[in-house]
Amino acid sequence: MNAPSSTYGLSSEARNLHWLLSNLVEEVPGVRSVAVVSSDGLMLLSSDARHAAAAVEAADPTAQDGPKGSSADLATIVSGLGSLTLGAAKLMDGGLVKQTMIAMDQGSLFVMSISDGSLLGVHATPDCDMTVVAYHMALFVGRAGHVLTPELRTELRRSLESAQ
């Protein structure tokens, strides 16, 4: 797969993360959209919701294409859910939150912690294989977690801001 044009001028680490994210959306059945959110709630990476919607529509023209609005909506939901589950874990002395999953009539939402406090969020179809989605999310986290340095997070934020 070729790197999207939006990765032009980025470091090899940033291009690699974009590639991993695109691969997650394109290769895992049922994944509609993906967002990576920093520990302070800022979006770092997101899938192109229109691209994911086209893939979903090709399989089922009546399917909804993800959260209403932009990929920023998914990032906001992921950030809020991450904060809520972290607070619940603290109140219950549950330790670190590894993954949160919400099954809805029209979709599923998965949130997984990345080692630096960032979060990976995936919106999937209601009939997705949850174990396959979780497995591929864990692969992404394992590959991305060690490279999400403060410098790379800054680079990713700047690339998103310049794209708007």
About how many Å separate CE of Met104 and NE2 of His123, when rounded to the nearest 0.5 Å? 4.5 Å
Those residues that, when tested against Met130, pass side chain to side chain contact (heavy atoms under 4.5 Å, CB included) (two or more places apart): Met101, Ala103, Ser108, Phe110, Cys128
Taking Ser79's backbone N and O only, do any of them form a donor-acceptor pair with Ser83's side chain (distance below 3.5 Å, no angle check)? no
When rounded to the nearest 0.5 Å, the distance separating CG of Leu152 from CG of Leu45 is 8.0 Å
Can you hop from Val111 to Ile77 via hydrophobic side chains spaced under 4.5 Å? yes
Are the side chains of Leu148 and Leu17 in contact, using a 4.5 Å heavy-atom criterion? yes
Could you tell me whether the side chain of Phe140 reaches within less than 4.5 Å of the side chain of Val34, counting heavy atoms only? no
Quick one: side chain to side chain donor-acceptor pair (under 3.5 Å) pairs with a partner in residues 141-155, sequence neighbours left out? Ser11-Glu155, Asp116-Arg153, Thr149-Glu151
For Ile114, run the side chain to side chain contact (heavy atoms under 4.5 Å, CB included) check against Leu44, Leu120, Val37 and tell me which one passes. Leu120
Mind listing the closest non-hydrogen atom pair of Ser47 and Ser33 along with its distance? OG-CA, 3.3 Å
Any link between Leu20 and Val147 through a network of hydrophobic side chains (Ile, Leu, Val, Met, Phe, Trp, Tyr) touching at under 4.5 Å? yes
If you define the side chain from C-beta out and look only at heavy atoms, does anything of Leu74 sit under 4.5 Å from Leu109? yes
Grab the two heavy atoms, one from Ser46 and one from Met43, that are nearest each other, plus how far apart they are. CB-SD, 3.5 Å
Who pairs with Thr85 by side chain to side chain contact (heavy atoms under 4.5 Å, CB included), at least two apart in sequence or on another chain? Leu81, Val97, Thr100
Just so I know, are the side chains of Leu119 and Ser113 near enough to count as touching, which here means a heavy-atom distance under 4.5 Å? yes
Donor-acceptor under 3.5 Å (Arg15 side chain, Leu10 main chain): yes
With a 4.5 Å cut-off on side-chain heavy-atom distances among I, L, V, M, F, W and Y, is there a chain of contacts connecting Met112 to Val132? yes
Below 4.5 Å, heavy atoms only, C-beta onward: do Leu24 and Val122 meet side chain to side chain? yes
Mind checking the CG-NZ spacing from Leu96 to Lys90? Nearest 0.5 Å is all I need. 10.0 Å
Would Leu84 and Met92 show up in the same hydrophobic cluster when neighbours are defined by side-chain heavy atoms closer than 4.5 Å? no
Membership question, hydrophobic clusters at under 4.5 Å side-chain separation (ILVMFWY): are Leu21 and Leu42 in the same one? no
Nearest heavy atoms of Pro29 and Val133, plus distance in Å: O-CG2, 4.4 Å
